[in-house]
Number of protein chains: 2
Amino acid sequence: MADAAAAWELMRGRVGELEALDEVAQLLEWDQQTMMPAGGASHRGKHLAAISGLQHARVAEPVVGEWLSTLSDSSDPVHQAAVRNLRRLHERAVRVPVNLVQRIAEASNTGFVAWLEAKQSNDFSIFQPALETLLALRKEEVAHLGPADHPYDHLLDVYDPGSTTAELRPMFARLSEALSSFIFEVSDKEGPAPLTASFDVQGQARLSQQILDRIGFRTQDGRLDVAAHPFTVAMGTSDVRLTTRYHPDEILSGLGSTIHEAGHGMYEQGLPVKWASTGLAQAAGMGMHESQSRFWENVIGRSLPFFQWLAPMMNEIWPGQAVSAQALYGAANRVQPSLIRVEADEATYNLHIVIRFELEIALLSGELEVRDLPEAWNAAYQRVLGVHATGAAQGVLQDVHWSNGLFGYFPSYTIGNLYASSFRFEMEADLPEMWTQVAQGQFEDVLAWLRAKVHDQGHSLDAPDIFRQAVGERDPVADLMAHLRGRHGALYGVS
Amino acid sequence: MADAAAAWELMRGRVGELEALDEVAQLLEWDQQTMMPAGGASHRGKHLAAISGLQHARVAEPVVGEWLSTLSDSSDPVHQAAVRNLRRLHERAVRVPVNLVQRIAEASNTGFVAWLEAKQSNDFSIFQPALETLLALRKEEVAHLGPADHPYDHLLDVYDPGSTTAELRPMFARLSEALSSFIFEVSDKEGPAPLTASFDVQGQARLSQQILDRIGFRTQDGRLDVAAHPFTVAMGTSDVRLTTRYHPDEILSGLGSTIHEAGHGMYEQGLPVKWASTGLAQAAGMGMHESQSRFWENVIGRSLPFFQWLAPMMNEIWPGQAVSAQALYGAANRVQPSLIRVEADEATYNLHIVIRFELEIALLSGELEVRDLPEAWNAAYQRVLGVHATGAAQGVLQDVHWSNGLFGYFPSYTIGNLYASSFRFEMEADLPEMWTQVAQGQFEDVLAWLRAKVHDQGHSLDAPDIFRQAVGERDPVADLMAHLRGRHGALYGVS
């Protein structure tokens, strides 16, 4: 295979197939959580296993390695990026034995079942053997993947290619320190009041749709449905499906979900179709994905100008409530250290992640044994957040991730928050009118900025490089703290 | 590969994967017609092409041929049936060049677009070149498939494995003759009145659900949705999805759709799970599938006892209408030669099929040129049904099948009607109480009979053998005529 042009065409064919399989897997997941009848569960595992087996087989084929080496000298930057992206997948698939992949898949199934039971029984010991197996298998996988600066890099690489333990660890430590002292300052102040009013679900659904239409999610190229645990899937840029949830007493949570998922969705809708079937028309990683969802949910969706736009719309749907922008803004930005990550406020949230990140590294490196994990968890929560779980269900068993074998995923959430804060300040410099526009429900310039700096880049660069190209030498830790102090600090009188 | 047990396990793995891919393709189709946003269309073709490309690649692999030859001497009847089923798929995939498969797929896409435009313009000449291409490609495919008693057998084999042109042709000719004279007898008689009342769509949806629950469709293992062109898909026996449609002025058509699709669905729900991943837990072909849908829609769903059960339920939902079982029965069984197949009554329907069957054979054998097809079509309709289309849109362009390259599919519909009639009389002999039960809304024994004689057989035998095993030496043409004369003939006073 000496002809680079031919290799490029063949490689595009294969990458297009892999993209299609990934989109099919996403549809299977979406259907499972929104439309599938109860009886479908027993078959769905077989469908997903067949698709993932084929993904592995097709990316691992020796001919893929031949295309990659033929194209490795190409000076075309699109070729270079495509080779980098596909090589990651190919080498992982080649190096990790199929048998190990299957054992991890089985252990994830078993682990999930054990975790469910353990959580219901509030008893870590039920989950402990499954977690030990899953951790051992991940260590085995990491060993197959060969030397790295840090073994944890091999896990990060799956979700956030380009991020390294060496960079994240000191950054997260600085953030943790700054956050802890900020939360300590806030902790004895009286903050804004929560929202106590009730809002009917039908009205919330109408409002969600109005928000989607205005912020720039293209409804003809997507859907919004209800799911117990909101998520977003994309079967291409013009079939992007969001899910959200509504509860009469938790309107801010439901709206937050809608805006968060729309942030993911607008990223997917904005990926560069010109690069279809190259592997570049993809998100640049989960951290960058979270930066988009959290930018919209937090930076925009919890801002005072946003609520200045939203309050009159709410008062039109629920005239009896007479909500004010200031009350909504306050209620959306209360700070309260708590036990449960997914219910945490914007300020304390990242401490939940830093705790998990350090525990994962300790487990992977062997510094921490699984049997000692609950104690280490509780100690970290006490030390970092000053809270103590009454049982494992509210502590070490609260997240599903580890039960599915997902190690290395949690950092994405805080990477997203860090990126989003720097995007905010860079955007404010580029768009001096942005908050005036937001207060009027005009989001075109904000979206256009994200399109140009992030979405249009696809996966032509890794996320850290896209971030640097967008914001220059900004310090994301300083930006996140400035964002939180300017907002929550002001509300609590400590800025 | 000398070890038959090992070959069997490997073959089951591959067949399981192929079954999963087929189910995934069905979900993609279902989603496309029920849930997919408008923008999704541009991506869906890529998903379906990737799946069908993989289906072809995985079944054509030489190793599949090795498993088949290792197992060809097995005395185990399950092995024998599995080998027969998989060999058909393997040999077709091996013999037909991938390049030709792709050209047929592309020509089907082009053909569909041309057909849509031609139908809208009522102008066959717009579709003619595309149809010529499609026919030429099918002839090329048939040539690759090697000698057969009749080249049309290669087309039948895709949809109705086991059916042959040599058997169908004289059977269809006898049926055509008997039907023509019956319809002639009926034609100058005054028949029952049509239904003129209107029934709201919400009530029809409720009634559809009540019918599904009673006839035996397991709702927890399926769904019922609305689609422009009703269809059924199955992602395994416990995820079977029906679609139907409702129109206030056409309640019998909507209920007929629901019952028809439920017939397909109950077949899928009843396939033998013990044979999962062998290729035997499948329907035995499209003709047998239609026998199930048409048995429920026509034999049961248009019977007087069925309406005796249904009328009180309708009068509970729509007390103002005061429908009677006899009026419903009459309206559901009017005979009227007409131009459009999908709107035809039970008696004239099969003549539409016989016309298409003979035209397809003439086209494939070269006796008829595509350019002469409209004239041949109109002549056949005039001769057989005594009706003449005012334009191509209502004539030769009415069906989508040929535009998608589907030749050899139409006979399935009449095979289904023939099988269903013989099932009726055999079932009446086995279940003397069946019509009494139907009049009381008790369908357990009817469904149990179909389960035992048809569903439980899966694809362990080809459809003609399952049919013979179920009904012995019955003559399905005589049975279909007896069924029609006993029902429509009586209503028209000619029996």
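Naming: A, B, ... by sequence-line order, numbering from 1 per chain.
Using a 4.0 Å cut-off between charged side-chain N and carboxylate O, B:E17 and A:K46 make no salt bridge.
For A:I51, the part lying near chain B is the side chain, with the backbone staying farther off; criterion is any non-hydrogen pair under 4.5 Å. No part of B:L48 comes within reach of chain A, as not one of its non-hydrogen atoms sits under 4.5 angstrom from that chain. Only the side chain of B:R241 comes within less than 4.5 Å of a heavy atom of chain A; its backbone N, CA, C and O stay farther away.
How far CG of A:D225 is from CD of A:E261: 12.0 Å, rounded to the nearest 0.5 Å. Remark: B:L271 CG to B:L280 CG distance equals 10.5 Å, nearest 0.5 Å. The CG atom of B:L224 sits 7.5 Å away from atom CZ of B:F217, with the distance rounded to the nearest 0.5 Å. Between B:R223 atom CZ and B:L242 atom CG the span is 10.5 Å, to the nearest 0.5 Å. Taking OG1 of B:T244 as the reference point, atom CZ of B:F231 lies at 11.5 Å (rounded to 0.5 Å). Atom OG of A:S108 is separated from atom CZ of A:R103 by 12.0 Å, given to the nearest 0.5 angstrom.
Near-neighbour residues of residues 24-32 of chain B relative to chain A, defined by a heavy atom under 4.5 Å from a heavy atom of that chain, comprise B:V24, B:L27, B:L28, B:W30, B:D31. Contacts with chain A (heavy atom to heavy atom, under 4.5 Å) involve no residue of residues 208-216 of chain B.
Nearest heavy atom pair, residue A:H90 against residue A:V59, reads ND1-O, 2.8 Å. Considering all non-hydrogen atoms of both residues, A:D456 and A:W275 come closest at O-CZ3, 3.6 Å. Across B:W67 and B:M11, no two heavy atoms sit closer than the pair CE3-CA, 3.7 Å.
Between chain B and the residues A:G53, A:G222, A:A49, A:A50, the most heavy-atom pairs under 4.5 angstrom are made by A:G222. Of the listed residues A:E19, A:E23, A:R44, A:M235, the one with more heavy-atom pairs under 4.5 angstrom with chain B than any other is A:M235. When A:D221, A:L54, A:L21, A:T34 are compared by the number of non-hydrogen pairs under 4.5 Å with chain B, A:L54 comes out ahead. When B:D239, B:T237, B:V240 are compared by the number of non-hydrogen pairs under 4.5 Å with chain A, B:D239 comes out ahead. The choice from B:M35, B:R218, B:R58 that makes the most heavy-atom pairs within less than 4.5 Å of chain A is B:M35. Heavy-atom pairs under 4.5 Å with chain B peak, among A:A57, A:P37, A:G236, at A:P37.
Using a 4.5 Å heavy-atom cutoff, the side chains of A:Q55 and A:D22 are in contact. Looking only at side-chain heavy atoms (C-beta outward), A:L86 and A:L18 come within less than 4.5 Å of each other.
Taking the ring centroids of B:H79 and B:W8, they lie under the 6.0 Å cut-off.
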Problem - Test side-chain hydrogen bond (donor to acceptor under 3.5 Å, both in side chains) applied to A:H455 and A:Q292, step by step - result: CA-CA 9 Å; A:H455 307 182; A:Q292 299 305 292; 2.8 Å; yes
